[in-house]
Protein chains: 2
Amino acid sequence: MTTLHIVDDDEAIRDALGWLFQSRSVPVIGWDSAEAFLEAWTPDMAGCLLLDIRMEGMSGLELFDRLLGRACRMPVIFLTGHGDVPIAVAALKKGARDFVEKPFNDNELVDRVIDALAFDAEQRAREAGQAGVAARVATLTQREKQVMELVVAGRLNKVIADQLGISMRTVEVHRSHVFEKMRVKTAVELTRLLTSAG
Amino acid sequence: MTTLHIVDDDEAIRDALGWLFQSRSVPVIGWDSAEAFLEAWTPDMAGCLLLDIRMEGMSGLELFDRLLGRACRMPVIFLTGHGDVPIAVAALKKGARDFVEKPFNDNELVDRVIDALAFDAEQRAREAGQAGVAARVATLTQREKQVMELVVAGRLNKVIADQLGISMRTVEVHRSHVFEKMRVKTAVELTRLLTSAG
DNA sequence: GGGAGGGCTGCGGATATCCACAATAGCCCG
DNA sequence: CGGGCTATTGTGGATATCCGCAGCCCTCCC
């Protein structure tokens with residue numbers, strides 16, 4: 001189980017939530033402002049975010065926007081005592097995971113947080129696989145990438161050679177290097193690797 | 001542009017919305033109850049749904065649930081004068097496209113509807129392609145499907161032959177039939193066809 | 001009983017792919 | 001300057017794939 005990050009400028013609420021979640025074995029880290037969290041945030045931070053909307057300084061919504069700008073993928077649950085429908089709808093459409101009004105039901109909130117944490121774990125597992133693929137792609141030379149694209153597009157070596165203006169033998173060499181670097185044995189495996197990961 | 005289906009038991013609102021959308025060249029069909037729409041609904045119905053939540057008889061939310069149960073893919077926009085945050089959040093998490101409170105801004109509503117219609121059109125185009133693939137898969141015999149799966153899994157003919165306990169030549173024949181019926185020329189193309197469509 | 005369709009197999013040849021061995025050439029870096 | 005990386009090409013042979021031609025078996029159906 002990864003960590004729940006609670007961002008709320010009200011220490012009493014942070015403490016109450018911290019107690020609630022720790023009693024359910026959910027690791028918690030509290031942040032007393034959006035600014036503090038934003039500064040500490042790194043792309044490898046895992047878990048989920050419980051975000052109060054109304055805070056001194058930067059609001060929870062603004063923090064959310066900034067995190068989106070930094071390609072943060074952590075699921076975000078908004079917590080608010082002043083929520084209205086347009087804000088909730090906008091937040092969810094932008095990709096927020098959930099939106100909970102105070103006062104909330106403890107069990108329900110815990111369920112939603114656990115749900116979000118599980119989602120994050122799955123997402124990270126998927127991305128880890130894709131990152132591995134991306135890392136292998138990064139080791140390819142320009143020519144190898146070109147050849148790989150054409151191979152994955154289903155072209156025969158002969159056609160690829162024509163298209164790149166090089167000999168078939170050279171295509172074979174590049175193709176072989178691509179297979180080796182991408183750790184696959186057939187064009188089909190390579191295609192699956194690249195189309196399943198986008 | 002496909003059709004906007006307005007479900008609202010208040011004739012005055014249906015008329016007002018009808019006038020609004022027709023003035024923006026959005027074709028509209030009005031329904032005076034969830035029951036009426038549900039009865040008329042067919043899987044090939046295209047466009048989007050503008051759904052009032054509070055109605056006599058079946059509510060908009062219940063209609064939405066029933067449509068989901070029937071695998072309806074039309075984008076749904078809820079319209080309500082009694083919306084509260086939990087309902088909006090639940091609806092959006094279940095897959096509703098949008099949630100708009102009355103009174104609404106005409107231009108904004110029109111924008112959202114047009115957005116939803118465009119989404120539906122794209123989605124239908126995608127599904128049409130997938131349906132074509134599914135139709136071709138349906139013409140395959142059992143043996144051909146088995147061979148196809150192994151081909152797409154990247155196995156060599158030799159391995160497939162072993163695995164199915166038949167000769168390589170037979171695998172070649174099935175493989176060739178699969179390519180013909182699926183209208184592809186290489187295993188890579190076949191893989192793309194099947195992995196992009198799920 | 002004969003025809004249609006699906007499944008299985010062999011033969012042989014045309015293509016394609018995979019690979020070891022070998023070589024040329026440009027570029028960058030210590 | 002020599003070494004490493006990239007790109008390029010060739011020869012020749014082992015594998016794999018693609019395909020037409022031919023034949024056999026079984027089931028379902030008219």
Side-chain angles (χ1 to χ4, degrees), chain A residues 129-198, chain B residues 129-198:
Chain A
Q130 294 180 17
V133 172
R136 285 175 246 169
V137 169
T139 69
L140 299 177
T141 66
Q142 289 306 306
R143 227 16 172 190
E144 285 164 353
K145 280 183 199 165
Q146 291 175 354
V147 171
M148 180 173 75
E149 280 179 26
L150 294 169
V151 166
V152 168
R155 261 79 153 190
L156 296 180
N157 286 351
K158 182 200 302 190
V159 181
I160 297 174
D162 279 356
Q163 207 155 337
L164 295 182
I166 57 184
S167 77
M168 243 184 73
R169 186 65 189 88
T170 306
V171 174
E172 286 175 31
V173 172
H174 287 316
R175 183 183 181 126
S176 158
H177 288 162
V178 167
F179 283 7
E180 189 181 348
K181 288 182 177 176
M182 298 301 291
R183 296 177 204 163
V184 295
K185 285 207 281 282
T186 68
V188 169
E189 288 177 56
L190 183 61
T191 304
R192 297 179 71 80
L193 211 59
L194 296 180
T195 56
S196 73
Chain B
Q130 294 180 16
V133 172
R136 284 175 246 169
V137 169
T139 69
L140 298 178
T141 66
Q142 289 305 307
R143 231 4 174 195
E144 285 164 354
K145 280 183 200 165
Q146 291 175 354
V147 171
M148 180 172 77
E149 279 178 26
L150 294 169
V151 166
V152 168
R155 261 79 153 189
L156 296 180
N157 285 350
K158 182 199 302 190
V159 181
I160 297 175
D162 279 356
Q163 206 155 337
L164 295 182
I166 56 184
S167 78
M168 245 185 70
R169 185 64 187 90
T170 306
V171 173
E172 287 174 26
V173 172
H174 288 315
R175 183 183 180 127
S176 156
H177 288 162
V178 168
F179 283 7
E180 189 181 347
K181 288 183 177 175
M182 298 301 291
R183 295 178 206 163
V184 296
K185 284 209 282 283
T186 68
V188 168
E189 289 177 57
L190 183 60
T191 304
R192 297 179 71 81
L193 212 59
L194 296 180
T195 56
S196 73

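Only this structure's heavy atoms are used, side chains among them; waters, hydrogens and symmetry mates stay out. Below, chain A is the first sequence line, B the second, and so on; all start at residue 1.
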Between B:T170 and B:R143, is any pair of side-chain heavy atoms under 4.5 Å apart? no
Can you tell me how far apart NZ (B:K181) and CE (B:M148) are? Round to the nearest 0.5 Å. 10.5 Å
Rounded to whole Å, CD of B:E144 lies from C1' of C:dG5 at a distance of 11 Å
Heavy-atom distance under 4.5 Å between the side chains of A:I160 and A:V151, does that happen here? yes
What is the per-nucleotide protein-contact pattern of nucleotides 12-21 of chain C, from the 5' end, where B denotes a base atom under 4.0 Å from a protein heavy atom, S denotes such proximity for sugar-phosphate atoms only, and - denotes neither? ----SBBBBB
Both A:V171 and A:K181 contact DNA chain D. Taking the nearest nucleotide for each, which residue is further toward the 5' end? A:K181
Is there a side-chain contact between B:T141 and the phosphate of C:dG5, meaning an N or O under 4.0 Å from OP1 or OP2? no
Output the rounded distance in Å from NE2 (B:H174) to P (D:dC19). 16 Å
Just how far, in rounded Å, is P of D:dT6 from NZ of A:K145? 12 Å
Is a salt bridge present between B:E189 and B:R192, judged by a nitrogen-to-oxygen distance below 4.0 Å? no
Heavy-atom donor-acceptor pair, A:T195 side chain to A:T191 backbone, under 3.5 Å: yes
Take atom NE2 of B:H177 and atom C1' of D:dC18, then tell me their distance rounded to the nearest Å. 12 Å
Lys/Arg-Asp/Glu bridge criterion (N-O < 4.0 Å) met for B:R175, B:E172: no
Do B:R136 and B:L193 have side chains that get closer than 4.5 Å, going by heavy atoms? yes
Winner on side-chain proximity to A:Q142, out of D:dA7, C:dT9, D:dT9, is D:dA7
Any B:V133 side-chain heavy atom under 4.5 Å of B:M182 side chain: yes
Counting C-beta onward and ignoring hydrogens, is there a side-chain heavy-atom pair between B:H174 and B:V171 closer than 4.5 Å? no
Please round to 10 degrees the angle between the axis of the first five pairs and the axis of the last five pairs in the helix from C:dG1-D:dC30 to C:dG30-D:dC1. 30°
According to a strict under-4.0 Å criterion, is B:T170 in side-chain N/O contact with OP1 or OP2 of C:dT9? yes
Spacing of B:L164 atom CG relative to C:dG7 atom C1', expressed in whole Å: 12 Å
